[in-house]
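In what follows, a single structure is set out as structure tokens and then discussed.
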Amino acid sequence: MTDTAKLTATRAYYDTVAEGYVERVSDAFAQDVWGRAMLSGFAEEVRDDGGLPVADLGCGPGHVSAHLAELGLAVRGVDLSPRMVGIARRSHPELRFDVGSMSSLELPDGELGGAVAWWSIMHTPPPLLPALFAEFHRVLAPGGRLLLGFHAGEDQPYTGPERDGGVFYDIHLLSPDRVGKLLEQAGFTVTARMSGEGGTWPWACLAGRRSDAVSAPRAASARS
């Protein structure tokens with residue numbers, strides 16, 4: 001399957017399951033104590049860095065975007081699925097959501113203070129991760145923060161069952177060690193990681209920062 005075909009299949013899957021997906025993912029997020037802890041730490045670091053805007057990449061129905069906004073961040077969401085974006089806009093009208101691909105973001109270089117890809121890089125085949133991380137690096141300001149959440153494994157693929165209309169989804173159970181190395185090669189420093197069990201597969205979260213970090217305002221004031 002070509003990359004374009006994979007994007008089309010992923011979009012079709014989420015457009016098909018969008019309404020039922022909302023309740024399922026919202027319940028799971030409400031129970032995800034450790035995931036929310038990573039998001040809280042990410043938000044604190046972005047605020048301490050000066051509070052530049054943040055993008056929620058692969059935002060789905062917008063629940064993570066809304067959570068980040070509650071944590072004091074200026075956040076916008078981007079998702080491949082028009083139906084998911086429609087639900088996000090309806091559920092969180094105070095926030096901005098756009099249809100788009102996180103592998104080709106319509107954002108200027110260095111605009112963001114942070115980017116979150118929360119269980120969305122799993123649809124990217126491992127050979128394409130370097131290009132994806134390069135795009136994340138491009139849109140982040142020097143010292144910008146990155147947080148990834150994903151199903152963990154040894155880069156093996158999984159194809160989900162077909163839905164009505166013949167749509168399906170592919171995911172990849174990604175190696176946390178390999179993801180960390182690819183982030184470093186893309187110009188990030190891995191600053192924290194967390195892993196655990198639960199659900200269908202093990203999971204992992206990695207936090208990173210553009211390696212060309214600048215001094216945060218709080219650190220500068222502490223030295224003055």
Side-chain angles (χ1 to χ4, degrees), residues 7 10-11 13-15 17-108 110-124 132-133 135-141 144-151 169 171 192 194 203 205-209:
L7 287 175
T10 302
R11 181 187 296 113
Y13 170 75
Y14 282 106
D15 278 347
V17 304
E19 295 294 339
Y21 181 86
V22 175
E23 182 175 353
R24 184 170 73 252
V25 76
S26 296
D27 289 345
F29 186 69
Q31 299 173 31
D32 186 8
V33 175
W34 297 113
R36 294 199 314 277
M38 289 291 282
L39 288 164
S40 179
F42 166 83
E44 182 174 344
E45 289 184 326
V46 172
R47 293 195 309 268
D48 288 347
D49 289 344
L52 287 176
V54 167
D56 178 11
L57 305 175
C59 65
H63 57 295
V64 173
S65 300
H67 184 70
L68 292 171
E70 291 174 355
L71 293 173
L73 300 184
V75 60
R76 62 188 292 183
V78 178
D79 198 272
L80 190 64
S81 163
R83 289 198 67 187
M84 284 291 189
V85 168
I87 291 171
R89 289 171 175 168
R90 184 180 70 217
S91 302
H92 310 287
E94 74 283 3
L95 301 178
R96 175 176 175 175
F97 296 97
D98 297 301
V99 177
S101 171
M102 64 183 181
S103 61
S104 182
L105 294 164
E106 295 183 4
L107 292 169
E111 180 173 89
L112 302 176
V116 172
W118 202 244
W119 268 259
S120 53
I121 67 168
M122 64 185 185
H123 296 297
T124 302
L132 184 67
F133 294 162
E135 179 69 351
F136 293 173
H137 187 278
R138 180 187 69 80
V139 298
L140 285 168
R145 306 285 179 169
L146 177 66
L147 182 62
L148 308 177
F150 52 92
H151 296 303
Y169 63 97
I171 70 170
M194 182 184 293
W203 55 267
C205 297
L206 267 66
R209 192 180 195 191

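Quick note: residue numbers are just sequence positions, from 1. As the structure is a prediction and not an experimental result, all values here were calculated from the model.
Remark: Arg76 engages Asp98 in a side chain to side chain donor-acceptor pair (under 3.5 Å) (not counting sequence neighbours). Not counting sequence neighbours, His92 has no partner by the ring-ring contact (aromatic ring centres under 6.0 Å, His included) test. For the side chain to side chain donor-acceptor pair (under 3.5 Å) test, residues two or more places apart in sequence or in another chain that qualify with His151 are Trp119.
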Could you please spell out the steps behind the side chain to side chain contact (heavy atoms under 4.5 Å, CB included) verdict for Leu52 and Val46?
CA-CA 7 Å; Leu52 287 176; Val46 172; 5.8 Å; no

Using the side chain to side chain contact (heavy atoms under 4.5 Å, CB included) rule, take Leu80 and Val99 through it: C-alpha gap first, then chi angles, then the decisive distance, then the call.
CA-CA 6 Å; Leu80 190 64; Val99 177; over 6 Å; no

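In this structure the side chain of Asp32 never reaches within 4.5 angstrom of the side chain of Trp203, judged on heavy atoms. Counting heavy atoms from C-beta on, the side chains of Leu105 and Arg138 come closer than 4.5 Å.
Rounding to the nearest 0.5 angstrom, the gap separating the CG atom in Leu132 from the OG1 atom in Thr124 is 5.0 Å. To the nearest 0.5 Å, atoms CD1 (Ile87) and CZ (Phe97) are separated by 11.5 Å. Taking CE of Met194 as the reference point, atom CE of Met38 lies at 5.5 Å (rounded to 0.5 Å). From Cys205, atom SG reaches atom CG of Leu148 across 8.5 Å, with rounding to the nearest 0.5 Å. Here the CD-OG distance, from Gln31 to Ser26, works out to 11.5 Å after rounding to the nearest 0.5 Å. The line from CH2 of Trp118 to CZ of Phe150 is 10.5 Å long, rounded to the nearest 0.5 Å.
For residues 78-90, the set of pairs meeting the side-chain hydrogen bond (donor to acceptor under 3.5 Å, both in side chains) definition, not counting sequence neighbours, comprises Asp15-Ser81. The ring-ring contact (aromatic ring centres under 6.0 Å, His included) analysis of residues 34-61, with sequence neighbours excluded, yields no pairs.
A donor-acceptor pair is defined here as one N or O able to donate and one able to accept, closer than 3.5 Å; no such pair exists between the side chain of Glu106 and the backbone of Gly100.
Among Arg36, Glu44, Arg47, the one residue that satisfies the side-chain contact (heavy atoms from CB on, under 4.5 Å) test with Leu71 is Arg47.
Across every non-hydrogen atom of Ser120 and Met102, the tightest pair is O-CE, 3.2 Å.
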Do any side-chain atoms of residues 53-67 form donor-acceptor pairs under 3.5 angstrom with protein atoms, and if so which ones, sequence neighbours left out?
{"unit_1": "Asp56", "atom_1": "OD2", "unit_2": "Ser65", "atom_2": "N", "d": "3.1"}
{"unit_1": "Asp56", "atom_1": "OD2", "unit_2": "Ser65", "atom_2": "OG", "d": "2.7"}

